[in-house]
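Letters A, B, ... are given to chains in the order of the sequence lines, protein chains preceding strands, and every chain is numbered from 1.
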Protein chains: 2
Amino acid sequence: MTDYITLLKSNDLKATIQRTSILKVIEEVGHISIDDIYESVKEQHPTLSLATIYKNIILMQQHNVIIEVPMNGEKSKYELKKNDHIHLICQSCGMIQDQHLTAQTEQTLVLENFKLNRVQINLYGLCSECQS
Amino acid sequence: MTDYITLLKSNDLKATIQRTSILKVIEEVGHISIDDIYESVKEQHPTLSLATIYKNIILMQQHNVIIEVPMNGEKSKYELKKNDHIHLICQSCGMIQDQHLTAQTEQTLVLENFKLNRVQINLYGLCSECQS
DNA sequence: ATAATTGCAAATTTTTTGCAGGTTC
DNA sequence: GAACCTGCAAAAAATTTGCAATTAT
């Protein structure tokens, strides 16, 4: 369980109840769209507006608190900022699971003439549940 | 230079001038957004409507002629359907370059309990031009 | 006390839809 | 000639903006 207040302040953002609520939902669900954040956060804070979510999603990205996970054929999801990792995406049930990015994989991606900053890997397929 | 008429027909789509024009622009630019397709195609076909582009982008994805390339912080781009490959994305000039996905990299991504269908890798960094 | 943030409503932008007329096979 | 496709205009959906009241530090 992350301390969202410290997380926000250490990234030069004021710790409002709206922001900590948004971060809590993101961490609980793992990867979540703006609409689903709204639906979820409204339960505890019925006055929290969609405009506030939009503004904060943009701001918290700029301040390196969260990152966008662009998705094929649907709206982007968002996750707490972490080290580079792999997303396993089940094409049947929609599950998204983080997977450790091995040094071995990283080594195979090193190229001359390209200064690599960030690796984004999505693997689409079937999770174990959906294979049966 | 691809034969767009054959490409469309072999994927059960009628070969209209609108579709071949859209495919031509996509192939020329490599990776392009809907708005940029519209701006480009309008030069030769001023009556071609944005609604037609939206309809055809959806349809041609469903028929495996093109694929979406979802982008961080901007609208998706589209490319002709090809085998799995890597995208090198320059964070300075915006260049997107395809790179061969080696068997070596693919091997490091094989997991138990996940039936892998498709690999999507984006590498963000600086191209050789922008490093100087 | 100051500067930043919120929520609302309105504006803007993006995407989808319905349909009459035209095109492809 | 049947089924499909296009372009237009209108509708719907998504995102951004301006601003007065509120909140965090």
Side-chain angles (χ1 to χ4, degrees), chain A residues 3-26 32-66 68-78, chain B residues 3-26 32-66 68-78:
Chain A
D3 175 357
Y4 305 117
I5 296 178
T6 306
L7 177 61
L8 286 165
K9 289 190 182 170
S10 67
N11 287 286
D12 300 316
L13 287 171
K14 288 191 176 173
T16 65
I17 185 72
Q18 290 83 352
R19 286 176 188 162
T20 55
S21 304
I22 292 169
L23 291 175
K24 186 159 170 287
V25 176
I26 292 177
I32 186 171
S33 68
I34 294 206
D35 292 344
D36 289 348
I37 293 171
Y38 183 53
E39 289 310 316
S40 180
V41 160
K42 248 193 337 194
E43 290 167 18
Q44 300 293 323
H45 300 278
T47 64
L48 200 157
S49 71
L50 194 50
T52 295
I53 297 179
Y54 274 106
K55 285 170 186 165
N56 280 312
I57 289 292
I58 292 167
L59 207 58
M60 292 193 293
Q61 280 186 90
Q62 289 168 342
H63 288 249
N64 285 303
V65 174
I66 61 175
E68 181 182 5
V69 186
M71 306 286 298
N72 264 282
E74 53 182 309
K75 292 209 256 173
S76 289
K77 299 190 192 299
Y78 297 87
Chain B
D3 173 358
Y4 305 116
I5 296 178
T6 305
L7 177 60
L8 287 164
K9 290 190 183 173
S10 67
N11 287 286
D12 300 316
L13 288 170
K14 288 190 176 173
T16 65
I17 185 73
Q18 290 83 353
R19 287 176 186 162
T20 55
S21 303
I22 292 169
L23 291 175
K24 186 159 171 286
V25 175
I26 293 177
I32 186 170
S33 69
I34 293 204
D35 292 344
D36 288 348
I37 292 170
Y38 183 52
E39 289 310 315
S40 179
V41 159
K42 249 194 335 196
E43 290 168 18
Q44 300 293 322
H45 300 276
T47 65
L48 199 156
S49 71
L50 195 48
T52 294
I53 296 179
Y54 273 104
K55 286 171 186 165
N56 279 312
I57 289 291
I58 292 167
L59 206 58
M60 291 193 292
Q61 280 186 90
Q62 290 168 342
H63 286 249
N64 285 302
V65 175
I66 62 175
E68 180 181 6
V69 186
M71 305 287 298
N72 265 283
E74 54 183 307
K75 292 208 254 174
S76 290
K77 298 190 194 297
Y78 297 86

Check: Under 4.5 Å between any side-chain heavy atoms of B:Ile37 and B:Ile57, yes or no?
Finding: yes
Axis-to-axis angle across the helix from C:dA1-D:dT25 to C:dC25-D:dG1, five pairs each end, nearest 10 degrees, ~ 60°
Contacts of B:Leu13 and B:Pro46 projected onto DNA chain D by closest heavy atom; the upstream (5') one is B:Leu13
Whole-Å distance, B:Met60 CE to D:dC5 C1', equals 13 Å
Q) Heavy atoms, side chains only, cut-off 4.5 Å: are A:Gln18 and A:His45 in contact? A) no
Here the distance between atom C1' of D:dC4 and atom CG of B:Asn56, to the nearest Å, is 11 Å
To the nearest angstrom, the NZ-P distance between B:Lys55 and D:dT6 comes to 8 Å
When every non-hydrogen atom of B:Met60 is compared with those of B:Leu8, the smallest separation belongs to SD-CD2, 4.0 Å
Taken to the nearest whole Å, CG/B:Leu59 to C1'/D:dA3 is 14 Å
message: Counting only side-chain nitrogens and oxygens, does A:Thr52 get under 4.0 Å of the OP1 or OP2 atom of C:dG7?
response: yes
Heavy-atom nearest pair, A:Tyr38 first then A:Ile53, reads CA-CD1, 3.5 Å
DNA chain C nearest-nucleotide lookup for B:Lys14 and B:Ile34: closer to the 5′ end is B:Ile34
Test side chain to side chain contact (heavy atoms under 4.5 Å, CB included) on A:Leu50 and A:Ile34; report intermediate values, then the result.
CA-CA 8 Å; A:Leu50 194 50; A:Ile34 294 206; 4.1 Å; yes
- request: Establish, with yes or no, whether the OP1 or OP2 oxygen of D:dC5 is under 4.0 angstrom from a side-chain nitrogen or oxygen of B:Thr16.
  value: no
Should we count CG of A:Leu59 as having more than 12 external heavy atoms under 6.0 Å?
yes
B:Arg19 CZ to C:dT24 C1', in whole Å, measures 10 Å
From CG of A:Asp12 across to P of D:dT25 the rounded distance in Å is 12 Å
task: Check the side chains of B:Glu68 and B:Ser76 for a donor-acceptor pair under 3.5 angstrom, ignoring hydrogens and angles.
output: yes
Of the candidates D:dA14, C:dT14, C:dA9, the side chain of B:Lys75 sits closest to C:dT14
Taken to the nearest whole Å, NZ/A:Lys42 to C1'/C:dT6 is 17 Å
| query | Does OP1 or OP2 of C:dT23 have a side-chain N or O of B:Gln18 closer than 4.0 Å? | reply | no
From CD1 of B:Ile17 across to P of C:dT24 the rounded distance in Å is 9 Å
Note: for B:Ala15 and B:Leu50 on DNA chain C, the residue whose nearest nucleotide lies more 5' is B:Leu50
Of C:dT15, D:dT17, C:dG7, the nucleotide closest to the side chain of B:Tyr54 is C:dT15
Taking C:dA9, C:dT16, D:dC8 as options, the one with an atom nearest any side-chain atom of B:Ile58 is C:dT16
